[in-house]
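See structure below.
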Amino acid sequence: MNVLAKKSVSDLDVSGKKVLVRCDFNVKMEGGVITSDKRIVASLPTIQALLNKGAAVILCSHLGRPKNGPEAEFSLAPVAARLSELLGLPVQMAADVVGPDAQAKAAALQPGEVLLLENVRFEKGETKNDADLSKQFAALADLYVNDAFGSAHRAHASTAGVADNLPSAVGLLIQKELEFMGAALEAPKRPLVAILGGAKVSDKIGVISNLLEKVDTLIVGGGMAYTFFAAQGYGVGTSLNEPDKYDLALEMLQKAKDKGVKFLLPIDTVVGKEFDANTESMTVDSDELPDGWMGMDIGEKTRKLFADALKGAGTIIWNGPMGVSEWEKFAAGTIAIATAVAESGAISIIGGGDSAAAVQKLGFADKMSHISTGGGASLEFLEGKELPGIACIDEK
Ligand code: AMP
């Protein structure tokens, strides 16, 4: 699959057409009230572009994990209300997903008008990528646009199956994900440097393996670094450690050598007595963590080593914090790397989930070229896996 060749909304003639758009409206809610409308705001450019080009826009999304069909607490009605405020237009709400009300409202929808279907997971066939449900989605519209990157790693009826039945394109949000992450993996501005951190090697072994095929330098910090040390016979105290991944860790170190990839691990480590925000701490060399102490952050020498490796990079991919960055005492390593990435002048791409949250919380969001909107999806993308929600889209 050539992700850079996928059609985008700008390649579609939508004038006078009904366009079904799969959005990510999986917003945070408490007691029926939206607590963050970031995802709704993020969907606006695609919706606006389609309206400006004369389309009638039918939106759909999942929200939460309803188990037994329609449940009021998972209704998208609050999203329709917020979206209407943001667009400055009425947004019609269908009482069902593909049922009689959705069909009638979709049939009557005029160019410039917006309709939101109910939560796609109210239909049992959604997560099974049911062929009949996919056809029912397709029957509502003339064209399909997928703009839900956070769900693109799932083959569901509204994220993948529907595209078998309609001409399709990606929305502007997914287009940006592909432009940055796709280009970083397929045609990067070099040197390409990846920094991986976070808790576990087991979560990221696929990413490490795939990136070793692509990068010039791979930097590993965070909790996952200790498995690499332990695998080589060094003491890691009470740090995070996955003995069943030693073989894979050694294999990755060997792969880096074979591929001529520079592989950097921490040279010093901030250790703590206990896994606690205020625990006693000290900095030690990474190859001699004392018994009874736990690695919590990269040390100052490492911060400099890693920052130096980022200088002159053409592209940087970063996924996972360098330590327990939720706690101020152990956030300095992650902040140092965020600063170095921001100052590098490189194209900087932040993988979703915790790293995106850390970059946002630490105030570096606007210094990065691209922060992925998908946690699981961006990891699978970096693993080199084909994402069903993107693979299903027509090429130019
Ligand atoms: P991930 O979801 O894999 O990116 O992991 C993020 C989590 O890894 C965060 O909650 C961090 O607190 C945690 N983490 C990073 N470094 C360490 C460490 N040295 N020890 C324990 N947890 C860590």
Side-chain angles (χ1 to χ4, degrees), residues 150 153 194-211 218-231 234-243 245 248-249 252 264-290 292-300 302-303 306 316-338 341 349-362 364 368 371-383:
H153 57 319
I195 320 172
L196 299 177
K200 290 186 186 161
V201 173
S202 47
D203 289 343
K204 304 217 174 137
I205 200 74
V207 177
I208 299 172
S209 183
N210 187 45
L211 288 180
L218 182 68
I219 301 174
V220 171
M224 58 193 260
Y226 310 113
T227 298
F228 285 89
F229 281 105
Y234 297 113
V236 295
T238 51
S239 305
L240 281 180
N241 180 14
E242 293 171 275
K245 295 290 172 291
L248 274 171
M252 292 302 126
L264 294 179
L265 283 163
I267 50 175
D268 61 345
T269 298
V270 181
V271 290
K273 258 283 168 211
E274 279 155 46
F275 193 69
D276 184 272
N278 302 308
T279 192
E280 186 190 340
S281 67
M282 62 181 180
T283 301
V284 297
D285 286 347
S286 293
D287 56 2
E288 45 185 88
L289 299 200
W293 291 75
M294 183 182 291
M296 306 283 267
D297 194 8
I298 55 173
E300 269 185 46
T302 305
R303 290 170 212 165
F306 288 1
I316 298 171
I317 299 172
W318 181 13
N319 183 291
M322 295 290 105
V324 188
S325 60
E326 298 93 327
W327 294 337
E328 208 182 328
K329 190 164 186 173
F330 304 107
T334 301
I335 293 174
I337 295 308
V341 174
I349 298 158
I350 313 301
D354 279 321
S355 3
V359 162
Q360 261 142 6
K361 195 175 141 223
L362 299 172
F364 289 94
M368 306 299 167
I371 299 181
S372 178
T373 53
S378 77
L379 271 187
E380 291 197 17
F381 196 92
L382 295 176
E383 279 177 51

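Each ligand, and each atom within it, is numbered from 1 in the order the structure gives.
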Tell me the protein heavy atom at minimum distance from [atom], and give that distance in Å.
atom                    : value
atom 21 (C) of ligand 1 : Leu240 CD1, 3.5 Å
atom 10 (O) of ligand 1 : Glu326 OE2, 2.4 Å
atom 23 (C) of ligand 1 : Val324 CG2, 3.7 Å
atom 2 (O) of ligand 1  : Asp354 OD2, 2.8 Å
atom 8 (O) of ligand 1  : Ala199 N, 3.2 Å
atom 14 (N) of ligand 1 : Gly323 O, 3.9 Å
atom 17 (C) of ligand 1 : Gly223 N, 3.4 Å

When rounded to the nearest 0.5 Å, the distance separating OG1 of Thr238 from CE of Met294 is 3.5 Å

CE (Met224) and CG (Leu265) are apart, to the nearest 0.5 Å, by 9.0 Å

Check your understanding: Looking at residues at least two apart in the chain, or sitting in another chain, which of them share a salt bridge (Lys or Arg N to Asp or Glu O under 4.0 Å) with Asp285?
Key ->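 If we apply the salt bridge (Lys or Arg N to Asp or Glu O under 4.0 Å) test to Asp285, skipping adjacent residues, the hits are Lys301.
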
field: Sub-4.0 Å heavy-atom contact, Phe330 with ligand 1
entry: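 Judged by the 4.0 Å heavy-atom criterion, Phe330 does not count as contacting ligand 1.
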
Polar atom proximity, [X] to ligand 1 (N or O, under 3.5 Å):
X      : answer
Gly222 : no
Lys204 : yes
Gly295 : yes

The atoms of ligand 1 lying under 4.0 Å from a heavy atom of Tyr226, numbered in the order shown, are 19 (N)

**Message:** Within ligand 1, which atoms have a heavy atom of Pro321 less than 4.0 Å away?
**Reply:**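 Once the distances to Pro321 are compared, the set is 4 (O), 6 (C).
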
